[in-house]
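None of these values were measured; they are calculated from a predicted model.
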Amino acid sequence: MPRRALALCLALAACAAPPPPVSGYRDSAALISSAAAFDPARFADVWHVAAAYGDEARCGPLTETWAATGPGRYRVTGTACGPSGARALATDAVVTGPGRITRDEAGGPAELWVLWVDADYRVAVIGTPTGRFARVLSRTPEVRPDLMQAARDVLKFNGYDPAGLQPI
């Protein structure tokens with residue numbers, strides 16, 4: 001009898017759906033969308049990285065200045081997280097679609113999606129469809145709790161695990 005029960009359990013387990021595929025910090029089976037109403041002109045200026053995933057969260061305070069260099073084009077300077085900690089950042093970025101920005105990075109162009117920006121452009125959530133990257137940006141080093149909760153909800157909606165998001 002115990003062998004039959006074990007065989008039945010194994011047969012039922014084989015019928016169960018496999019766990020969703022995870023790519024980086026995101027469930028790749030989940031839908032993801034960029035902010036269609038994104039306004040590139042309002043995005044320009046200083047952003048503080050308020051929260052991030054993985055190694056980026058260990059670097060301490062990171063800040064980026066997105067300076068408009070033309071319609072839908074930026075020069076991005078500030079600090080980024082490198083293998084040895086925080087390092088200088090200087091790169092170009094261009095808007096390639098609604099809420100979609102391609103930015104030059106060390107490993108080649110990176111497609112960043114603006115997943116959400118609050119109505120006053122105080123807080124933004126940026127991620128990648130691959131899930132290798134996501135962060136919460138803020139105009140100030142501190143984020144209001146309700147805006148941080150909204151950012152977490154946006155990440156969850158787009159397939160990211162909000163539990164892995166670390167404040168910086």
Side-chain angles (χ1 to χ4, degrees), residues 18-38 40 42-66 74 76-118 120-168:
V22 175
S23 176
Y25 304 104
R26 187 179 169 281
D27 174 357
S28 59
L31 296 177
I32 185 169
S33 62
S34 60
F38 173 71
R42 291 185 71 193
F43 194 73
D45 208 349
V46 176
W47 289 99
H48 300 270
V49 180
Y53 286 88
D55 289 341
E56 189 175 40
R58 72 175 162 71
C59 281
L62 302 172
T63 305
E64 296 180 351
T65 300
W66 290 66
Y74 306 97
V76 184
T77 58
T79 52
C81 190
S84 301
R87 62 173 174 75
L89 169 71
T91 189
D92 293 309
V94 62
V95 176
T96 57
R100 298 178 187 189
I101 300 169
T102 298
R103 182 163 100 171
D104 294 332
E105 293 193 1
E111 185 179 27
L112 308 178
W113 286 22
V114 179
L115 305 177
W116 173 75
V117 179
D118 77 299
D120 295 321
Y121 277 68
R122 295 168 293 188
V123 173
V125 177
I126 296 179
T128 59
T130 64
R132 73 162 186 85
F133 171 93
R135 57 168 49 164
V136 177
L137 301 175
S138 173
R139 296 294 187 179
T140 60
E142 298 294 322
V143 180
R144 275 186 7 208
D146 61 323
L147 292 174
M148 182 57 83
Q149 184 58 53
R152 288 179 178 281
D153 292 345
V154 166
L155 286 163
K156 184 175 183 178
F157 179 83
N158 284 282
Y160 286 89
D161 178 3
L165 187 67
Q166 300 297 314
I168 296 181

What's the shortest heavy-atom distance between Ala86 and Leu62, and which atoms? CB-CD2, 4.2 Å
Distance-minimising heavy-atom pair for Cys59 and Gly82: SG-N, 4.3 Å
Flag the pair Val136 / Leu147 as yes when at least one side-chain heavy-atom distance between them is below 4.5 Å, and no otherwise. no
So do the side chains of Asn158 and Trp113 get within less than 4.5 Å of each other, counting heavy atoms only? no
Hey, could you give me each pair passing side-chain hydrogen bond (donor to acceptor under 3.5 Å, both in side chains) that has a residue in residues 145-155? Not counting sequence neighbours. Arg144-Asp146, Gln149-Asp153
side-chain hydrogen bond (donor to acceptor under 3.5 Å, both in side chains) partners of residues 78-102, not counting sequence neighbours, each pair once: Ser34-Arg100, Arg75-Asp92
Which heavy atom of Ile168 sits nearest to which heavy atom of Gly60, and what is that distance? CG2-O, 3.0 Å
Is a donor on one side and an acceptor on the other found under 3.5 Å between the side chain of Asp120 and the backbone of Arg122? no
To check you understand the geometry: which heavy-atom pair defines the closest contact between Tyr25 and Gly54, and what is its length? OH-CA, 3.2 Å
Do you know which two heavy atoms are closest between Tyr160 and Thr128, and how far apart they sit? OH-O, 2.9 Å
Could you check whether any side-chain heavy atom of Ile126 comes within less than 4.5 Å of a side-chain heavy atom of Trp47, counting everything from C-beta outward? no
More than 12 non-hydrogen atoms from neighbouring residues, nucleotides or ligands closer than 6.0 Å to OH on Tyr121, yes or no? yes
Flag, side chain of Arg139 to backbone of Val46, donor-acceptor distance under 3.5 Å: yes
Side-chain contact, heavy-atom cut-off 4.5 Å: Trp116 with Val123? yes
Reported OH-to-CD distance for the pair Tyr74 and Glu64, which is rounded to 0.5 angstrom: 12.0 Å
Which heavy atom in Phe43 sits nearest to a heavy atom in Ala124, and how many Å separate them? CE1-CB, 4.0 Å
Intermediate values then yes/no, side-chain contact (heavy atoms from CB on, under 4.5 Å), Trp66 and Ile101: CA-CA 12 Å; Trp66 290 66; Ile101 300 169; 4.0 Å; yes
Could you note down all residue pairs passing side-chain hydrogen bond (donor to acceptor under 3.5 Å, both in side chains) where residues 49-58 supplies at least one of them, sequence neighbours left out? Glu56-Arg135
Nearest 0.5 Å please: distance from the OG1 atom of Thr130 over to the CZ atom of Arg26. 8.5 Å
Nearest 0.5 Å, please: how far is CD1 in Ile32 from CG in Leu115? 5.0 Å
